Engineer: 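I'd like to ask you about the structure that follows.
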2 protein chains.
Amino acid sequence: MSSRKPPSADPERKRDATRGKLLDRALKLFQKRGVEATTMRDIAKAAGLSLGAAYYYFPSKEALVFAYYEANQAELEEVARRASGTVRERLGIVFHAKLESIRPHRKMLSSIIQRLVDPSDPVGPFSTQTRAVREHAIGLIEQVLHASGLPVAVLPLVARALWLAQLALLLVFVNDDSPGEQRTHGLVDDLLDMLVPMLPLLGTPPGQALCIKIVDALGRAGIPVTPASLVE
Amino acid sequence: MSSRKPPSADPERKRDATRGKLLDRALKLFQKRGVEATTMRDIAKAAGLSLGAAYYYFPSKEALVFAYYEANQAELEEVARRASGTVRERLGIVFHAKLESIRPHRKMLSSIIQRLVDPSDPVGPFSTQTRAVREHAIGLIEQVLHASGLPVAVLPLVARALWLAQLALLLVFVNDDSPGEQRTHGLVDDLLDMLVPMLPLLGTPPGQALCIKIVDALGRAGIPVTPASLVE
DNA sequence: GTCTATATCCGGATAGAC
DNA sequence: GTCTATCCGGATATAGAC
């Protein structure tokens with residue numbers, strides 16, 4: 001046990017530092033010029049690395065974008081976990097926080113959203129590589145809804161519906177040129193004010209029956225609405 | 001008036017023929033190998049042209065995709081115009097026909113449908129470049145709904161909502177591997193059987209009030225729900 | 001294991017000659 | 001209108017420094 005294992009700490013930190021620097025510079029460039037216009041050569045140069053070294057850490061430009069998404073989702077969950085209040089309030093916090101977390105990177109968001117929905121993946125209508133991140137996002141919403149008193153059977157469907165709504169809101173957000181993106185934030189509140197009061201309707205017998213019909217139809221179409229909140 | 005204007009007919013036909021051949025070969029290749037994997041060099045060679053000549057007719061690969069959209073939409077409108085029956089039946093005809101019209105090109109569409117959610121992607125359904133085609137498609141649905149007896153004020157909103165539903169159905173369709181894509185066709189009927197009976201609710205005072213609230217909220221968010229059926 | 005440097009391939013897009 | 005030549009950038013591969 002002379003010098004074999006102990007020195008492992010330092011190189012590992014350096015590795016992470018280099019990786020982090022690369023990601024940081026890439027995001028700055030993405031932000032300034034857009035993803036498309038930023039070249040891997042630019043990124044490598046900005047981080048003081050060679051092109052080959054950059055590819056050593058990130059196998060593609062998209063990998064850099066994807067790394068950002070994971071970091072962003074982690075950051076969001078931190079915020080959301082601390083949310084408290086009514087269901088309406090907590091949903092508001094989650095939705096607004098999502099928008100705010102991506103605000104500095106609106107320009108590159110389109111490339112990120114694009115990778116969320118990749119049906120060309122052999123495994124299913126949605127890609128496996130982004131499945132974890134997506135399920136996390138859905139799980140976050142489902143978790144908040146647990147306090148709504150809705151029957152457990154309808155929660156997965158409602159959570160997925162709200163996630164889709166959030167996706168739509170992101171689309172609006174990246175195209176929002178109003179100051180502070182207030183238009184989209186306003187839309188979030190308008191939407192929640194409309195939807196949340198209607199949620200109890202889904203708890204009634206006819207509401208539940210409707211949900212079951214929808215889940216059945218989706219199931220027959222090959223889109224399972226899993227009770228999957230295996231997150232956290 | 002010796003030989004200036006008259007001979008214009010022949011060159012023009014040749015131009016169209018070359019253009020058509022290029023588009024035809026491009027679609028065949030898109031279908032066989034996907035859009036991404038098909039190169040402009042492949043397309044040019046398949047049409048017996050040089051790369052530069054291909055770019056003379058179509059300024060980009062995307063332009064070829066646009067041309068397909070337009071041809072497809074035109075074909076669909078022809079079918080839809082002849083539809084008759086109840087609102088439910090006519091919507092069914094339009095939706096099923098849409099699916100059938102893209103059936104031969106499912107592979108091609110699945111290769112680009114991942115760009116669906118990207119508002120900045122010129123090929124996507126939300127871009128300004130595809131606006132004309134999009135408004136036509138929405139107008140088609142709105143036209144059918146006119147026979148529903150719904151107040152005119154809510155029609156544009158409902159038509160747009162149904163168009164979004166149709167978009168989702170396309171997503172399911174291109175990934176449908178059931179024989180004859182029966183799963184998706186079944187989903188179309190399930191969906192319409194659920195939604196159409198609910199439409200009269202939107203004609204009631206509270207239903208109209210809800211619609212107006214939604215349209216207002218969207219308007220404030222910069223998404224005008226125009227009464228736009230300025231098509232036909 | 002980390003990184004540089006460089007050469008190469010590929011494909012979208014363009015310029016300019018004919 | 002058509003071609004050839006070329007640019008540009010993403011991606012890969014490799015040889016070798018440390």
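Proteins get letters first, then strands, A, B, ... in listed order; numbering begins at 1 in each. Note that this is a predicted model, so its numbers are computed, not measured.
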Engineer: Looking only at atom types and distance, does a side-chain atom of B/Ser101 sit under 3.5 Å from a main-chain N or O of B/Leu76, one as donor and one as acceptor?
Structural biologist: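 No; judged by distance alone, with no hydrogens or angles, the pair does not exist.
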
Engineer: Between B/His105 and B/Tyr68, is the ring centroid distance below 6.0 Å?
Structural biologist: yes

Engineer: Is it the case that atom CZ in B/Arg15 sees more than 12 heavy atoms from other parts of the structure closer than 6.0 Å?
Structural biologist: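 No, the 6.0 Å shell around CZ holds no more than 12 heavy atoms from other groups.
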
Engineer: Under 3.5 Å, is there a donor-acceptor pair between the side chain of B/Ser110 and the main chain of B/Val174?
Structural biologist: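 No; judged by distance alone, with no hydrogens or angles, the pair does not exist.
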
Engineer: Return the residues of residues 19-30 of chain A meeting this criterion: a heavy atom under 4.0 Å from some atom of DNA chain C. Order them by number, or give none.
Structural biologist: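 Going residue by residue through residues 19-30 of chain A, none turns out to have a heavy atom under 4.0 Å of DNA chain C.
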
Engineer: Would you find a donor on one side and an acceptor on the other, under 3.5 Å apart, between the side chain of B/Lys45 and the backbone of B/Met40?
Structural biologist: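 No; zero donor-acceptor contacts below 3.5 Å.
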
Engineer: My understanding is that only residues two or more places apart in sequence, or in another chain, count here; which of them pass side chain to side chain donor-acceptor pair (under 3.5 Å) with B/Glu78?
Structural biologist: B/Arg82

Engineer: Do B/Asp176 and B/His185 have side-chain N/O donor and acceptor atoms under 3.5 Å apart?
Structural biologist: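 No pair is found: no donor N or O on one side chain lies under 3.5 Å from an acceptor on the other.
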
Engineer: Just by protein heavy atoms under 4.0 Å, how would nucleotides 2-18 of chain D read 5' to 3' in B, S and -?
Structural biologist: BBB----SBBB------

